Colleague: 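Just passing along the structure, written as structure tokens.
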Amino acid sequence: MRIGVALSGGGARCVAQLGALAFLEEQGVRVSAVSGSSGGAIAGALYASGRSPHEILELLKGVDFRSFLRYHIHKGSLYTIVGAYRFLHEEVGLNDFASLKIPFFCTVVNFRTGLAEYKTKGDLAKLVLASSALTPIFAPVVYEGEVYIDGGFYDNLPAAPLTEVCDRIVGINVNPMFESIPRSFKERLYKSLFIMLNANIREGKRLCDIYIEPPEMSRYSIFNTDEFDTFYTIGYEAARVAQKQTDQLLGEA
């Protein structure tokens, strides 16, 4: 049985997806394909490269993410993240989709057409950055004559491309909705992003045979890079809750 994993966006919170993947591996799940949007695209590409969830965790814990940011306000965005390209391309080795161990679908949104595109070939590092370009906080990425932004704006749980190559799909969403009435500008922006991200998972969630969503992750910012170990553990425990479904899935294999 071919099992695919769809990874939502969610910035730093996507480290929780690594914990969930670690538990699934322990239960004998072998992933045949993976898809991801935004932070989930980064996690998905690293996983598809053949690294274990724990190896990816340790890699990310050693990264100074702030060093990648460059002010870009005079060009319409707060920051550009192109500084991360050299790291992903040269140091991490996300060069080309052809070098991956398992098939990977990178979700981006074409800023011109407003539609999602699921990339499976080309410059992997650049497309992963395009998928993570949360505009207007981060600048769009230009690739092959088109301008791309965060995949989560259109499809934040990209299960759709997996339906063509997999028999069953596991979805891991790290953007659980939280009930509150925000008052400050920052809190209202944050809650608005949550609403948008959750609206964009509905179709993907419908396509998933197993759906994992750690409720505790709603307490953490998408920019929190200081608690990766905590996120990993939360994801692991959330996948444990779904163990009965996992056992049933494996029983069908």
Side-chain angles (χ1 to χ4, degrees), residues 5-27 29 31 34-47 53-54 56-61 63 65 107 128 131-132 134 137-138 150-153 155-159 169-182 184 186-208 210-246:
V5 175
L7 303 176
S8 77
R13 289 198 305 265
C14 290
V15 170
Q17 296 166 344
L18 302 176
L21 285 168
F23 182 82
L24 293 174
E25 284 190 353
E26 289 178 9
Q27 302 309 300
V29 173
V31 177
V34 62
S35 64
S37 288
S38 198
I42 296 175
L46 291 171
Y47 187 70
H54 191 264
I56 301 170
L57 171 67
E58 293 304 313
L59 171 67
L60 295 178
K61 284 167 59 177
V63 175
F65 293 94
T107 311
V128 163
S131 183
S132 307
L134 185 63
I137 298 175
F138 301 128
D150 196 301
F153 281 119
D155 187 355
N156 202 42
L157 189 65
I169 299 173
V170 179
I172 309 175
N173 173 45
V174 293
N175 304 291
M177 181 53 65
F178 58 96
E179 295 186 7
S180 68
I181 304 297
S184 71
K186 182 179 179 180
E187 289 173 343
R188 288 177 177 178
L189 175 62
Y190 190 51
K191 181 66 178 284
S192 297
L193 282 172
F194 256 76
I195 293 171
M196 177 202 70
L197 293 173
N198 274 276
N200 290 345
I201 69 165
R202 290 173 184 168
E203 178 60 17
K205 182 178 179 180
R206 185 186 68 80
L207 295 173
C208 292
I210 296 178
Y211 179 70
I212 299 171
E213 182 184 271
E216 299 93 331
M217 292 309 300
S218 66
R219 304 200 305 264
Y220 299 97
S221 165
I222 62 174
F223 302 112
N224 186 338
T225 59
D226 298 323
E227 300 186 67
F228 281 170
D229 284 320
T230 299
F231 297 170
Y232 188 91
T233 300
I234 289 174
Y236 185 93
E237 292 302 322
R240 187 197 296 275
V241 172
Q243 183 172 7
K244 185 176 181 180
Q245 293 173 282
T246 304

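Note that the coordinates shown come from a computational prediction; the quantities given were computed from them, not determined experimentally.
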Colleague: Kindly indicate whether the side chain of I137, heavy atoms from C-beta on, has any atom under 4.5 Å from the side chain of F223.
Modeller: yes
Colleague: Hey, what do you get for OG1 (T107) to CG (N200), rounding to the nearest 0.5 Å?
Modeller: 11.5 Å
Colleague: Return the minimal non-hydrogen interatomic distance between A12 and F231, and the atom names on each side.
Modeller: O-CD1, 3.5 Å
Colleague: S131: what forms a side chain to side chain donor-acceptor pair (under 3.5 Å) with it, not counting sequence neighbours?
Modeller: none
Colleague: Restricting to non-hydrogen atoms, name the atom on G9 and the atom on N156 that form the minimum distance, rounded to 0.1 Å.
Modeller: N-OD1, 3.0 Å
Colleague: Looking only at heavy atoms, what is the nearest atom pair of L59 and V63, with distance?
Modeller: O-CG2, 3.3 Å
Colleague: Can you name the side chain to side chain contact (heavy atoms under 4.5 Å, CB included) partners of A159, sequence neighbours left out?
Modeller: A6, I169, L207, C208
Colleague: Looking only at non-hydrogen atoms, find the nearest pair between R13 and V174 and report the distance.
Modeller: NE-O, 2.9 Å
Colleague: At what distance, to the nearest 0.5 angstrom, does CG of L60 lie from OG1 of T225?
Modeller: 10.0 Å
Colleague: Counting C-beta onward and ignoring hydrogens, is there a side-chain heavy-atom pair between Y211 and Q245 closer than 4.5 Å?
Modeller: no
Colleague: For V241, enumerate each residue passing the side chain to side chain contact (heavy atoms under 4.5 Å, CB included) test, keeping only those at least two apart in sequence or located in another chain.
Modeller: none
Colleague: Any salt bridge (Lys or Arg N to Asp or Glu O under 4.0 Å) involving residues 221-231? Give me the pairs, sequence neighbours left out, ordered by first then second residue.
Modeller: K61-D229
Colleague: Of all the heavy-atom pairs spanning P176 and P214, show the shortest one and how long it is.
Modeller: CG-O, 3.3 Å
Colleague: Is there a donor-acceptor pair closer than 3.5 Å between any side-chain N or O of S38 and the backbone N or O of G40?
Modeller: no
Colleague: Using residues 14-23 as the side-chain source, report each donor-acceptor pair under 3.5 Å to any protein atom, sequence neighbours left out, with the distance given to one decimal.
Modeller:
unit_1, atom_1, unit_2, atom_2, d
Q17, NE2, S8, O, 2.9
Q17, NE2, S8, OG, 3.4
Q17, NE2, I172, O, 3.3

Colleague: Checking D155 now: which residues fulfil side chain to side chain donor-acceptor pair (under 3.5 Å) with it, not counting sequence neighbours?
Modeller: Y118
Colleague: List in chain and number order the residues that pass side chain to side chain contact (heavy atoms under 4.5 Å, CB included) with I195, two or more places apart in sequence or in another chain; answer none if no residue qualifies.
Modeller: M177, K191
Colleague: Looking at residues at least two apart in the chain, or sitting in another chain, which of them share a ring pair (Phe, Tyr, Trp, His ring centres under 6.0 Å) with Y47?
Modeller: none
Colleague: I42: which residues meet the side chain to side chain contact (heavy atoms under 4.5 Å, CB included) condition with it, sequence neighbours left out?
Modeller: L46, V128, S132
Colleague: Which heavy-atom pair separates A242 from I212 by the least distance, and what is that distance?
Modeller: CB-CG1, 4.2 Å
Colleague: Rounded at 0.5 Å granularity, tell me how far OG1 in T230 sits from CZ in R219.
Modeller: 9.5 Å
Colleague: Can you tell if the side chain of N173 reaches within under 4.5 Å of the side chain of K205, non-hydrogen atoms only?
Modeller: no
Colleague: Please list, chain by chain and in numerical order, all residues satisfying salt bridge (charged side-chain N to carboxylate O under 4.0 Å, His left out) with E203, sequence neighbours excluded.
Modeller: R206
Colleague: Could I get the full list of side chain to side chain donor-acceptor pair (under 3.5 Å) partners for Y236, not counting sequence neighbours?
Modeller: E26
Colleague: I'd like to check the side chain to side chain donor-acceptor pair (under 3.5 Å) partners of R240; sequence neighbours left out, ordered by chain and number.
Modeller: E237
